[in-house]
2 protein chains.
Amino acid sequence: MPSPTTSNPAAAGERSTRQKRALAQALDETGEFRSAQSIHASLRAGGERVGLTTVYNQLRALADAGSLDTFRSPEGETLYRRCRTEQHHHHIVCRRCGRTVEIEDDAVESWAASVAKRAGFTEVEHTVEIMGLCRDCRRT
Amino acid sequence: MPSPTTSNPAAAGERSTRQKRALAQALDETGEFRSAQSIHASLRAGGERVGLTTVYNQLRALADAGSLDTFRSPEGETLYRRCRTEQHHHHIVCRRCGRTVEIEDDAVESWAASVAKRAGFTEVEHTVEIMGLCRDCRRT
DNA sequence: TTGATTGCAAAGTGTTTGCAACTAG
DNA sequence: CTAGTTGCAAACACTTTGCAATCAA
């Protein structure tokens, strides 16, 4: 999306609600990737009264705003995690257990940029998916 | 009678049907990752009479048997591709007109390999999508 | 013949949306 | 007040399953 980014991060009327706070806390507690369903279950288990729809709505909003990293598990769930690095980055995903490792390496970034430029493309953006077997899943 | 070690994967009564053949051909034609829905649509468009259920059934069977690689798209679809050992190439896609340019550059290949190795992953494979505006679509 | 295969219809997932009630500012 | 939020219920998209009809060997 060639977004003319007219969106101010700390945008207009954005309220602080009990639900949002609970969700934010849940995300901070476990820095790992978690599914909406799982987060919702935890909140409920913890006594928080939050609707599943709200969890979905908020997670998507946060992800769209760039505050959360997302990735699809092999089982088909969308997993969310608080962003750790501000910069654009990629992940390696274990195709067996779904475990992910973050990649912070500018090499691809510049590679993609130069390759695109050479082909005459502008306003470039890219996605990279690396899959493999992690150490633990290596033998079986 | 001595039980013959039933360890042959491609064993028992497996039939050759029109549908299976069509599906196999579709998979061979485009060596890229494709969704079940997309494959089914192509088959239908090509005049083949194949049920969506059958496409799903066969793709899953083939994947379980290890004949197909699978991977989840960010949109939530399961993508299938015939297994292969040979390296693949990538494309840059114009997000406006859809024109694609082939990328021939091993840089990413080795980058992906080294990054994966550093993270302790094996049997690695990757996909790269670069999108942008091609020369012709640059100015509106 | 006979068991593998097909594919319609229906059931299941995870996720999104319509929208009336609710609430922070 | 009033626009941002909530969450139930219903809609959705993708995938799987039940099962009777079909068909390859």
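A note on names: the letters A, B, ... follow the listed sequences, proteins ahead of strands, and every chain is numbered from 1.
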Ignoring hydrogens and geometry, is there a side-chain-to-backbone donor-acceptor pair from H40(A) to V50(A) under 3.5 Å?
yes
Indicate yes or no for a side-chain donor-acceptor contact from R18(A) to the backbone of R49(A) under 3.5 Å, with no hydrogens or angles considered.
yes
What string of B, S and - do you get for nucleotides 20-25 of chain C 5' to 3' if you count protein non-hydrogen atoms under 4.0 Å?
---BBS
Contact class for R72(B) vs. all strands (heavy atom < 4.0 Å): base, sugar-phosphate, or nothing?
nothing
Same apolar cluster: Y56(B) and L79(B), side chain cutoff 4.5 Å
no
At what distance, to the nearest 0.5 angstrom, does CZ of R81(A) lie from CG of D28(A)?
12.5 Å
Let's see if you can work this out: which of dT5(D), dG14(C), dT6(C) has an atom nearest to the side-chain heavy atoms of K20(A)?
dT5(D)
Between P on dC14(D) and CZ on R34(B), what's the gap in Å once rounded to a whole number?
15 Å
Between dC14(D) (C1') and L59(B) (CG): distance, integer Å
13 Å
Looking only at side chains, do T122(A) and R135(B) share a donor and an acceptor under 3.5 Å apart?
no
In whole angstroms, the gap separating P of dT15(D) from CZ of F71(B) amounts to 13 Å
Has Q58(B) got a side-chain N or O lying under 4.0 Å from the OP1 or OP2 atom of dT6(C)?
yes
Could you state the atom-to-atom distance from CG of L68(B) to P of dT15(D) in whole Å?
14 Å
For E77(A) and dT13(C), what is the distance between atoms CD and C1' respectively, to the nearest whole Å?
9 Å
Q19(B) side chain near dG7(C) phosphate (N/O to OP1/OP2, under 4.0 Å):
yes
Does a side-chain N or O of T53(A) approach OP1 or OP2 of dA9(D) to a distance below 4.0 Å, or not?
no
Nearest whole Å is fine: how far is dA11(D) P from N57(A) CG?
18 Å
Reported OG1-to-CZ distance for the pair T70(B) and F33(B), which is rounded to 0.5 angstrom
7.5 Å
Distance check needed: dG14(C) P versus L79(A) CG, whole Å only.
12 Å
L52(B), nearest nucleotide to its side chain (from dT16(C), dG7(D), dT15(D))
dT15(D)
Compare side-chain N and O positions of Y56(A) against OP1 and OP2 of dT16(C) and report whether any pair is under 4.0 Å apart.
no
Roughly how far apart are N57(A) CG and Q19(A) CD, rounded to 0.5 Å?
11.5 Å
Closest-nucleotide 5' rank along DNA chain D - winner of V55(A) and S35(B)
V55(A)
To the side chain of Q37(A), which of dG14(C), dG7(D), dT6(C) is closest?
dG14(C)
Any side-chain N or O of R60(A) below 4.0 angstrom from OP1/OP2 of dT15(C)?
no
What integer distance in Å separates E48(B):CD from dG7(C):P?
11 Å
Distance (rounded to the nearest 0.5 Å) between Q58(A) CD and Y80(A) OH:
11.5 Å
